[in-house]
Number of protein chains: 2
Amino acid sequence: MPKLLRVNMSDRTATFEEVPKKYRQMGGRWLTSSLVCDEVPPLCHALGEENKVVLAPGIVTGTAAPTSGRISVGAKSPLTGTIKESNAGTSFGQKLARLGIRAIVVEGKPKEKGRFWLLRITKDGASFAPADAWLGQSLYAAVPSVLAQHGNPSSAGILAIGTAGENLMAAAGISFNDLSGRPSRYAGRGGLGAVLGSKGLKFIVVDDRGTPERELADRALFDEGRKKLAKALTEHAITKPKGALNTYGTAVLVNIINEAGALPARNFREGRFEGAAKIAGEAIFAGNKERLGKDLYNHACSPGCIIQCSNAWHRPDKSVHTSCLEYESAWALGANCGIDDLDVVAELNHLCNDYGLDTIEIGGALAVAMEGGLARFGDGARAIELLHEIGRATPVGRILGSGAVVTGRVFGVERVPAVKGQNMPAYDPRAIKGIGMTYATSTMGADHTAGYTIAPEILGVSGKLDPLDAHKTDLARTFQQVTAFLDSTGHCLFIAFAILDIAEGFAGVIEECNGALGTRWTGDDATRIGKEIIQMERGFNKAAGFTPAHDRLPAFMAREPLPPHNTVWDIPDAELDRVHGA
Amino acid sequence: MPKLLRVNMSDRTATFEEVPKKYRQMGGRWLTSSLVCDEVPPLCHALGEENKVVLAPGIVTGTAAPTSGRISVGAKSPLTGTIKESNAGTSFGQKLARLGIRAIVVEGKPKEKGRFWLLRITKDGASFAPADAWLGQSLYAAVPSVLAQHGNPSSAGILAIGTAGENLMAAAGISFNDLSGRPSRYAGRGGLGAVLGSKGLKFIVVDDRGTPERELADRALFDEGRKKLAKALTEHAITKPKGALNTYGTAVLVNIINEAGALPARNFREGRFEGAAKIAGEAIFAGNKERLGKDLYNHACSPGCIIQCSNAWHRPDKSVHTSCLEYESAWALGANCGIDDLDVVAELNHLCNDYGLDTIEIGGALAVAMEGGLARFGDGARAIELLHEIGRATPVGRILGSGAVVTGRVFGVERVPAVKGQNMPAYDPRAIKGIGMTYATSTMGADHTAGYTIAPEILGVSGKLDPLDAHKTDLARTFQQVTAFLDSTGHCLFIAFAILDIAEGFAGVIEECNGALGTRWTGDDATRIGKEIIQMERGFNKAAGFTPAHDRLPAFMAREPLPPHNTVWDIPDAELDRVHGA
């Protein structure tokens, strides 16, 4: 029987419960958001004892479904004050799923301040151990040490928060192991690492040794579905082996978005960055080739991924400098800070991973601080120093670690490109209107992954739209709904490229779910379920005090034209309010 | 003809306009809130060019009405994000009124960053001068120097922002001169000093030499009214000469509120402070007597005040250490930080005045930072150091200068006793329920002056209520409405003690207004006008994204009992929503 593991940090108990009937078809974001909505008071303090962190693998996570190794993390966010779901690709969720655990609910708060714990989960149960020995340590040092002491490095997955989470910083992410055991896979956004920090839970080690395959309601149907999806992924130019993502990683977008005039440079002052080509996916590929003497294609973040977009950047001595260097990170720590040196960007990225930080929020905070005069745009050495300040939790480090909005408040900066407290990712909404509608209306704050309209607006996936065209209300709605469903299946959002263009691939996803759950969903159910999830999340946000007035971009974007298109943000409020209804 | 002075800092123009008809009966808060509602987009950035600062003397300010020297300052607040009105007692507003200026509207924003200006207003007009020479200076040094250069110390009033405002800190207040020319009278709350800072306006010097008396519609009626009010003020035990306020200042409340178990100690952990008697009004009186060798009664903050509650604390060498040391300041910088040494509290108060800071918000921020481990409760020397950090705008200083909520976010502190971003003043709502309803439902964030139910709940003014009784919905409504009216007349809120107990005094206030304006208001109009003001302000806040979910106290107060009564905050949400209606 699938279980729900309830972990109470007030009294340090871990209890397995039967999954209530209403949750049995749910996984991923659907389940995290449902549990948060059912159990967390919307007006609680995000770092208070009433908040809960929910971890849930997707509906097909832990099966042979391709590219389905996502784990969702949900809570009330200390960064945004909204409900939050952030997911990561890692074997951690697959192991959890194979242990029959549909969700972990972490609740309560230790009476004693400053102590931290480790939770170990195996087929025999769950138990706690002190984690104080690793406090203040680099995650790259701590994680192997924890695994050596409490897990089997070959069969264990690990969740960890870094010093940022220990210090309750709102830009603290949650790291998961990659396939080399590195703490490099992040549920980065929304400060969920700080919520775990407030609960004194620093590590979760999960070992699925001795567990059988996941049970499926209709294995034949499931197999049919996963094969269709695998075929689509293997054929699509973006997702296929040695395709765009496998070769250049997500940073393949740097040149594309720069060309489109929508790569935010220097805290969203410009839409093109003169150093873009130097931090692009092509530059990573070429740089690795030069340093390693061979073509290096990317690797999977979790077993069973066909896309394999996870890259690594190497030092001149051939050692790995950082993995993974995503498009968002290369932009946030590069173009957005005016930095064009890949070795500097890689170091900043590594430090974010090592201290347990969201690269997007930190890049945003650095850029806002630069705007406020704390450093010069382009000063990589100073940016590295500032990252260490965050790691040491000095006052200036704590400011930056609190994210871009707090940094803006502290330094009196008006130009903070955030929605609902979260810094925008790497697409300027003045130059790509649909993604701006996603930023404005997502339940999560500014979040490209909530409805990646870049696919049609820039990449020509499922047709090609003019990024400057303003009529994207239906697009923003549909993309957010389908995404909420995909985030619940456990599939990586990147399967969207293939299943939007190849209908059989989408049919395959539905068949996988039906095969796993015994349901009879059709394609329409994906939209229906997605819509339900979003409306439920909006209900939480409404009770937490959010209104249509929060579904807006910052005022300066309606005033300040963005070069090179010299366009402003001009989507009428009424259209934003039509995305999800009033 | 009464005028409106529009000051545009984008192009540095100052234009006198006719007062539009709809504003002609308005003054003080009524006028500032009306102009803000009419001219400021609710979703603008508080430090952006679209925000405006409105200064308005009250309806009878500048006349012979007793205790009517208030000037209201309004804007969208960078601290709360709500509309804000903060008022101060000073001759500044009286001079403005005598010059026939009903309001100054400061708008726009200089293109050039880092430059600051002075505005000089006389009967001959308004003109600008550079103020850069005084940047970064102590206000106690700058203000006399400005007056020597640009005004006539004997006839000029001066508004000034300090380094806190220059540095755009959300706890920056706006200082006005007292009758000795000191920058000690503050429109402290809501960070309005930062809004002026964002506009590059550092000083306003107003000189009313050569202006006649204010014109009044019916001088005989007015005189009748002011005499009634003067009589009430002269008779009431709290407001009369050598009465409670004139003898002990507002700090007379320290022992009273401590006795009631509602004096928040150490960041609202306890309702009694063991050092209360050492920082109380009685201790100030006794200490001054010991150091000066005589009884020292308090002085007026503006000409024509009967109450005269403004005190000064003297050093052993008889020099003035700080003026005025209010109850709120003695508490915020004393009990709330665990500090019981009057000389330390006086120094902290002086530094707040000197750097241009709201003492309540800074005391709150210090206490939250102490909670977060930045200093020990009670460590006065460290608190003084931290005040200087704010003055120097170091990173830690900028955090504190951003107020308690940001300080809490940066240091990961859950226990932040704030509503709508503003730290609570010196009454713990768990022990005095009515004032908690005011904190929750005020349009201004946690603000005791928005509806001072302490009068009946503690002081026995207009009857005596049990502070722990929870049935105060009507009380909280009526008090907020009447207060909004009083804040529009230009009278000090402290006349409320007398006019609540002495009906003739209240009648006198209405007659003063009718005499000044030619209106035929009755007592009911006070409530009607007050209600209109509040509903208008709530309209602004609603458009700015505020909902009933923001009319709440922080979650920890519903969970954590406050000694000695060991009561929690338990007013039902539905009652809070009934205060002003949904």
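Within every chain, numbering begins at 1; the chains are lettered A, B, ... in the order of the sequence lines, protein sequences first and strands thereafter.
- Of the atoms belonging to A:Pro78, it is backbone heavy atoms, and not side-chain ones, that fall under 4.5 Å from chain B.
- A:Arg409 places no side-chain N or O within donor-acceptor distance of the main-chain N or O of B:Ile399, the cut-off being under 3.5 Å.
- Between chain A and the residues B:Ala555, B:Ala393, B:Cys44, B:Pro395, the most heavy-atom pairs under 4.5 angstrom are made by B:Pro395.
- Between A:Glu107 and A:Lys52 there is a salt bridge, since at least one side-chain N of the basic residue sits less than 4.0 Å from a carboxylate O of the acidic one.
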Please assess B:Arg552 against B:Asp577 for the test salt bridge (Lys or Arg N to Asp or Glu O under 4.0 Å), listing each intermediate value before the final yes or no.
-> CA-CA 9 Å; B:Arg552 302 290 180 261; B:Asp577 295 343; 3.1 Å; yes

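- Heavy atoms of B:Ala543 lying under 4.5 Å from chain A belong exclusively to its backbone.
- Residues of residues 411-419 of chain B placed with any heavy atom under 4.5 Å of a heavy atom in chain A are listed by number as B:Phe411, B:Gly412, B:Val413, B:Glu414.
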Please assess B:Thr394 against B:Glu389 for the test side-chain hydrogen bond (donor to acceptor under 3.5 Å, both in side chains), listing each intermediate value before the final yes or no.
-> CA-CA 6 Å; B:Thr394 64; B:Glu389 301 250 6; 2.5 Å; yes

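- Only the backbone of A:Ala544 comes within less than 4.5 Å of a heavy atom of chain B; no side-chain atom from C-beta onward does.
- Between A:Asp551 and A:Lys420 there is a salt bridge, with a side-chain nitrogen of the basic residue lying less than 4.0 Å from a carboxylate oxygen of the acidic one.
- Residues A:Glu50 and A:Lys76 are not paired through a salt bridge, judged by the lack of any N-O separation under 4.0 Å between the basic side chain and the carboxylate.
- Note on A:Arg269 versus A:Glu371: salt bridge recorded, some NZ/NE/NH1/NH2 to OD/OE distance being below 4.0 Å.
- The side-chain contact (heavy atoms from CB on, under 4.5 Å) test with B:Arg538 singles out one residue from B:Gln535, B:Lys542, B:Met536, and that residue is B:Gln535.
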